[in-house]
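Before any comments, here is the structure.
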Amino acid sequence: MFFFRIILMALQSLRANWLRAILATVGIIIGVGAVISANGVLYGARKKIYDQFDQMGANLVTVFPRQARRGGRTVGTWKSLKSTDVEILRNESKYVKSVLPQISGQGQIKYFNHNMQAEIVGTNTEFGSMFNLKLAGGEFLHPDDIAGSTQTVVLGYKVARELFGGTPAVGKAVKLGINRTTGFKVIGVLEQMGQKGFRNMDEIVLIPISTAQTNIFGIRFIESITLQAKDQASIDPLTDDVKRTLRRLHRIRAGDEDDFQILNPQEWRNQIAEFTQIWALVLYTISGISLVVGGIGIMNIMLVSVTERTREIGVRIAVGARSIDILNQFLIEASTISLLGGAIGVFLGFALCNFLTSVSNDMLKTQLTASAVIMALLTATTVGVVSGIYPAYKASRLDPVEALRYE
Amino acid sequence: MIEIRNLHKHYRMGESVVRALDGVDLSIAQGEMISITGPSGSGKSTLMHLLGCLDRPTSGTFRFDNVLVSSLSSRELAKLRNRQIGFVFQTFNLIERTRAVDNVALPLVYARQRNTHRSAMAALERVGLTQRAHHKPNEMSGGERQRVAIARAIVNNPSLIFADEPTGNLDTRTGEQIMQIFHNLHASGVTIILVTHEMNIAAQAQRILKMRDGKILEDRAVDHDHRQELIAESVEDRNTALNYADGLRKQKADTES
Ligand SMILES: Nc1ncnc2c1ncn2[C@@H]1O[C@H](COP(=O)(O)OP(=O)(O)OP(=O)(O)O)[C@@H](O)[C@H]1O
Ligand SMILES: [Mg+2]
């Protein structure tokens, strides 16, 4: 009750000089606003990346070939992954659910006079289940298609729509290739899936990996192998198994470097989390400087206020205020100013976040967390208390007789 | 109620020492109304601040209700000021941005009382100012402001009120209205100590202290004839003074009959 009244008194004296109070808190406003918006941008960006991982499919580990140099000697080539690796990996680890080889590249696809660019992906039967793709019609690649290198193709939603309009595509013959096109038979059309991970599933065409190697890209190697672990706990042991198996298959001696690299999504996540934290720390430090400036502003305005209100302080002491009451009054006033500055800062930071979200066309969805707001307001209040200590102490030590004589 | 012995208050000004109070002895009983007069710089305000427990003496003893004030902690002094003592100043000393009723409630707030509004309104009623309760000081006349200040001084029902030149910033008529309030308070048993250099104001007390150079030169009770004489001598506003004397004469005649 008593504290409540002191807070009311503080608000009252602020109202008399609100413009000055706001000017004094510019540092706090900028500091808090910067923390809030930086926080929103960082965590928004992080969430976006996390979401992409999640969309890509759960528990995926991807192997890429690697060309590394070591003491002038080349270790591995971009050709180091082979189709034979795929089947061995599938049987070698008990943690694996499915294995998917891939080759891809931009190519053309034609149907009579309709012609468009698409990403040609050579892969196997499991592509659909690994990325949770659904068929609008027809069927996926069949194991026989892979084994027999058939000229069959599954079209992405947008590809089918552009080439066929509304008419059924399954069973039709199209032509596809990179420079020279050859005839393929459409066996399936995907539902509209949109962006999954880093690939737009509506703009791809899927063909058997064997066909892609021999008939389209003319290569013997594969570009990547994606393995799906049985569950999240299997990701790390699977990674170990893959590494061991591939080193054996590729005859890499102990001490030599791998000719492949394994991307474990958990590791990516950890690295991104670490990166965000480092940036958050940098931004907090910068805003910290602004908060210090804000604190000095508040200390200054409180000192002015104590001087201006010397007589008032004398009167308060004369009617029975203890020095602790005077101390509290000015401390509360300082922290109220600072908290108000903080609130304005939160509001501005929030507005800036929304602005960034809208100008980026929702590419960057800023994330404003309650904990960031609470932390910012708490920090602002603390800055107020700390910078109010000296002026409040000065006020509480005033000699009432001197204060009452003060002109 | 108040007992002071050989009270000194010295201020060191570089080499020299200002003896604002230079050995004051004084006893004041509950229910007295006393004027303190004297030239500027004679130590009136200094004495008042000491008696009001706002200041500590350089030497000497001061007992308030038989308690040695120098033995009290600053917290106890604050409580004493809050419960027992009210101050009224020449320049009113109200808090500007605050409504009258909140100014009046200030001592109650520091007494940590809950329902301050009602007591504050009651105090305003005693000075006849309820209708201005929600106005701010800058919306009020000098006399009204001083009445708010008096309401603030009496809101905690103190036994002692100090007034330092309470009429100094007011015209004679308004001053008389303020004095009437003090008379009423005095009639209800409150001890009143009035610092003033206006003789017609000082003469309204029953006892007048004359100070000079930090000492009490003269301390005498004012009887009826003497009061008239003093009032008549007052040159500031002779007519008012005479009217007042007439009034007193009439009053006396009324009470005697
Ligand atoms: N803080 C101080 N430092 C030095 N001297 C002081 C201080 N306060 C008061 N004095 C001196 O003490 C003496 C008494 O002052 P005081 O204010 O009590 O006088 P006063 O009788 O109230 O005068 P006035 O009628 O002008 O109000 C004066 O000479 C004054 O200059
Ligand atoms: Mg004085």
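The shown structure was predicted, so the numbers you read here are calculated from the model rather than taken from an experiment. Convention: sequence-line order gives letters A, B, ...; per-chain numbering from 1.
Within a 6.0 Å radius of CE in Met375(A), other residues, nucleotides and ligands contribute 12 heavy atoms or fewer. Within 6.0 Å of CG on Asn115(B) lie no more than 12 heavy atoms contributed by other residues, nucleotides or ligands. The 12-atom threshold is exceeded at OH of Tyr43(A), counting heavy atoms of other residues, nucleotides or ligands nearer than 6.0 Å. Around atom CD of Glu308(A), more than 12 heavy atoms belonging to other residues, nucleotides or ligands sit under 6.0 Å away. Counting non-hydrogen atoms of neighbouring residues, nucleotides and ligands closer than 6.0 angstrom, the CD atom of Glu274(A) reaches no more than 12 such neighbours.
Side-chain contact of Thr366(A) with Thr357(A): a donor-acceptor pair under 3.5 Å is present, judged by distance alone. Side-chain N/O atoms of Glu165(B) and His197(B) include a donor and acceptor closer than 3.5 Å.
Checked by atom type and distance alone, the side chain of His49(B) pairs as donor or acceptor with a backbone atom of Ser45(B) at under 3.5 Å.
For a heavy-atom cut-off of 4.5 Å, chain A lies close to Leu54(B), Asp55(B) in residues 50-57 of chain B. Within residues 71-80 of chain B, the residues having any heavy atom under 4.5 Å from a heavy atom of chain A are, by residue number, Arg75(B), Ala78(B). Among the residues in residues 12-21 of chain B, none has a non-hydrogen atom closer than 4.5 angstrom to a non-hydrogen atom of chain A. Identified by a heavy-atom distance below 4.5 Å to chain A, the contributing residues of residues 92-101 of chain B are Asn93(B), Ile95(B), Arg97(B), Thr98(B), in residue-number order.
Once rounded to the nearest 0.5 Å, the distance linking OG1 of Thr37(B) with CZ of Arg212(B) reads 10.0 Å. The structure places CG of Leu7(B) at 7.0 Å from OG of Ser59(B), a figure rounded to the nearest 0.5 Å. To the nearest 0.5 angstrom, Ile301(A) atom CD1 is 10.5 Å from Ser387(A) atom OG. Distance check, rounded to the nearest 0.5 Å: CG of Asn156(B) to CG of Leu106(B) gives 10.5 Å.
Using cut-offs of 30° and 60° on the angle between ring planes, the pair His10(B) and His8(B) is perpendicular.
Arg322(A) touches chain B through backbone and side chain together, each having a heavy atom under 4.5 Å away. Proximity to chain B involves both the backbone and the side chain of Ile317(A), based on heavy atoms less than 4.5 angstrom apart. Proximity to chain A (any heavy atom under 4.5 Å) is shown, for Arg83(B), by neither the backbone nor the side chain. At a 4.5 Å heavy-atom cutoff, Ser323(A) makes no contact with chain B through either its backbone or its side chain.
Looking only at side-chain heavy atoms (C-beta outward), Phe62(B) and Ile2(B) come within less than 4.5 Å of each other. The shortest distance between side-chain heavy atoms of Phe162(B) and Leu194(B) does not fall below 4.5 Å. Contact check for Glu144(B) versus Glu139(B): no side-chain heavy atoms found under the 4.5 Å cut-off. Side-chain contact check for Phe350(A) versus Val373(A): every heavy-atom pair is 4.5 Å or farther apart.
Of the residues listed (Ile161(B), Leu209(B), Ile36(B)), the one engaging Ile193(B) in a side-chain contact (heavy atoms from CB on, under 4.5 Å) is Ile36(B), and it is the only one. Here the options are Thr116(B), Val148(B), Ile154(B), the test is side-chain contact (heavy atoms from CB on, under 4.5 Å), and the partner is Val104(B); only Val148(B) passes.
Chosen from Arg15(A), Gln12(A), Arg405(A), the residue pairing most often with chain B at heavy-atom distances under 4.5 Å is Gln12(A). Chosen from Ala153(B), Pro158(B), Pro107(B), the residue pairing most often with chain A at heavy-atom distances under 4.5 Å is Pro107(B).
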